[in-house]
There are 2 protein chains.
Amino acid sequence: MLPRHPHRTEDCRAISEILQRVGDKWTVLVVGKLGDGPLRFNELRSAVGGISQKMLTTTLRGLERDGFVTRTVFPTIPPRVDYELTDLGYELLVPVGALGEWARKNTERVRAARARFDGLHA
Amino acid sequence: MLPRHPHRTEDCRAISEILQRVGDKWTVLVVGKLGDGPLRFNELRSAVGGISQKMLTTTLRGLERDGFVTRTVFPTIPPRVDYELTDLGYELLVPVGALGEWARKNTERVRAARARFDGLHA
DNA sequence: CCGCATCCTCAGAGATACTG
DNA sequence: CAGTATCTCTGAGGATGCGG
């Protein structure tokens, strides 16, 4: 509740960067699903729901690049590709989960604030 | 490290929503600055640095709408407008700060993962 | 001083079709 | 099955000028 330490600009930039990284449309959804265990491409696709093939690929590539997921190809026919969270990915899930928990608890307060604001500025 | 409880899709959606809300380019920067106390428009502008007038206005309106900041107008000449975090805003700072802390600690691991990935896929 | 209105640009997101 | 390739479209973000 109180300003513990002055928020340094560079720290805020780092926060902002990671938040934008996980703040895109699909990342947390994908990471959340993978939090329950490894999944194949299309399993993940239908688990998330509503995501296009392209966006899932893009999202997974980004997560792989940043070291949050591993991509394992089984050279079978038909091909099989498993995606799994790395340790880093699981660790990320902790603070993200905390924020999610906060979100769940406070949805109503935000909704009420919005209704009030929109009412005043109608 | 282990899947404690199955991640429900609707929960993930809520997480995703709030993350996108605070995951835009300026929100956390602005909220971070306001975390040290109330600021006037242009104080905030120069404190954040690099933000355009339009984006600061847009960001502040959004935060006001969602109940994270209050906007106080002093009917003086020239006008003076103070922005301050609400209780909800301060509470948001907690999980966001936690994520930020995680970001600060793990920047190097992400950077290394990226370098490795980019090296392999050169 | 504060911030709205307007115009412009460009990256992100989706739809669709095709390949190993 | 698991992608890549291409196209389109929306909207976030920035620059500039005016108004209370």
Side-chain angles (χ1 to χ4, degrees), chain A residues 12-13 16-31 33-34 38-66 69-84 117-118 120-122, chain B residues 12-13 16-31 33-34 38-66 69-84 114 117 120-122:
Chain A
C12 292
R13 300 276 172 194
S16 185
E17 198 177 315
I18 184 74
L19 278 171
Q20 286 179 64
R21 178 65 191 78
V22 300
D24 68 17
K25 196 169 180 180
W26 301 110
T27 295
V28 286
L29 263 27
V30 169
V31 172
K33 290 303 175 187
L34 287 178
L39 288 172
R40 301 179 56 172
F41 187 86
N42 276 342
E43 287 174 344
L44 198 45
R45 182 152 149 68
S46 61
V48 171
I51 188 172
S52 70
Q53 215 168 32
K54 178 192 166 181
M55 288 316 298
L56 182 53
T57 301
T58 306
T59 302
L60 286 169
R61 281 296 172 283
L63 288 170
E64 192 193 354
R65 185 170 111 96
D66 289 353
V69 308
T70 55
R71 179 175 181 269
T72 312
V73 181
F74 299 89
T76 56
I77 299 176
R80 172 200 174 111
V81 183
D82 277 19
Y83 290 92
E84 184 171 16
F117 185 91
D118 292 347
L120 291 177
H121 300 72
Chain B
C12 292
R13 300 276 173 195
S16 185
E17 198 177 315
I18 184 73
L19 276 170
Q20 285 179 66
R21 177 67 191 76
V22 299
D24 68 16
K25 197 169 178 181
W26 301 109
T27 294
V28 286
L29 262 27
V30 169
V31 173
K33 290 303 174 187
L34 288 177
L39 288 172
R40 301 180 57 173
F41 187 84
N42 276 342
E43 286 174 345
L44 198 47
R45 182 152 149 70
S46 61
V48 170
I51 187 172
S52 69
Q53 214 169 34
K54 176 190 170 184
M55 288 317 297
L56 182 53
T57 301
T58 306
T59 303
L60 286 169
R61 281 297 170 284
L63 289 170
E64 192 192 354
R65 185 170 112 95
D66 289 353
V69 307
T70 54
R71 178 175 182 270
T72 312
V73 180
F74 299 89
T76 56
I77 298 176
R80 172 199 173 112
V81 184
D82 276 17
Y83 292 92
E84 184 170 17
R114 274 185 197 171
F117 184 92
L120 290 176
H121 299 72

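Per chain, numbering begins at 1; letters A, B, ... match sequence-line order.
Between the CZ atom of A:Phe74 and the C1' atom of D:dG3 there is a distance of 17 Å, given to the nearest Å. Rounding to whole angstrom units, CG of residue A:Asp82 and C1' of D:dA2 are separated by 12 Å. Taking atom CE on A:Met55 and atom P on D:dG3, their separation rounds to 15 Å, with Å as the unit. Note: CG (A:Leu60) to P (D:dG3) measures 8 Å, nearest angstrom. Summarising the geometry, the separation between CD on B:Gln20 and C1' on D:dG11 is reported as 13 Å, rounded to the nearest angstrom.
Nearest-nucleotide mapping onto DNA chain D: of A:Arg71 and B:Trp26, the residue sitting toward the 5' end is A:Arg71. Between A:Lys54 and A:Arg80, it is A:Arg80 whose nearest contact on DNA chain D lies nearer the 5' terminus.
Protein chain A contacts DNA chain C over a range whose 5' and 3' limits, counting nucleotides with an atom under 4.0 angstrom from a non-hydrogen atom, are C:dA13 to C:dG20.
B:Tyr83 comes within 4.0 angstrom of sugar-phosphate atoms only, judged by non-hydrogen atoms across all strands, and of no base.
For D:dC1, neither phosphate oxygen OP1 nor OP2 lies less than 4.0 angstrom from any side-chain nitrogen or oxygen of A:Arg45.
Evaluation of the ring pair (Phe, Tyr, Trp, His ring centres under 6.0 Å) rule for B:Phe74 yields no partner, not counting sequence neighbours. Not counting sequence neighbours, B:Ser46 has no partner by the side chain to side chain contact (heavy atoms under 4.5 Å, CB included) test.
Side-chain contact between B:Leu34 and B:Glu84: absent, with no pair of heavy atoms (C-beta onward) separated by less than 4.5 Å. Counting only heavy atoms from C-beta outward, the side chains of B:Tyr83 and B:Thr70 never approach each other to under 4.5 Å.
Rounding to the nearest 0.5 Å places CD1 of A:Ile18 at 7.5 Å from CG of A:Asp66.
Shown here is B:Glu43, whose CD atom has more than 12 heavy atoms of other residues, nucleotides or ligands within 6.0 Å.
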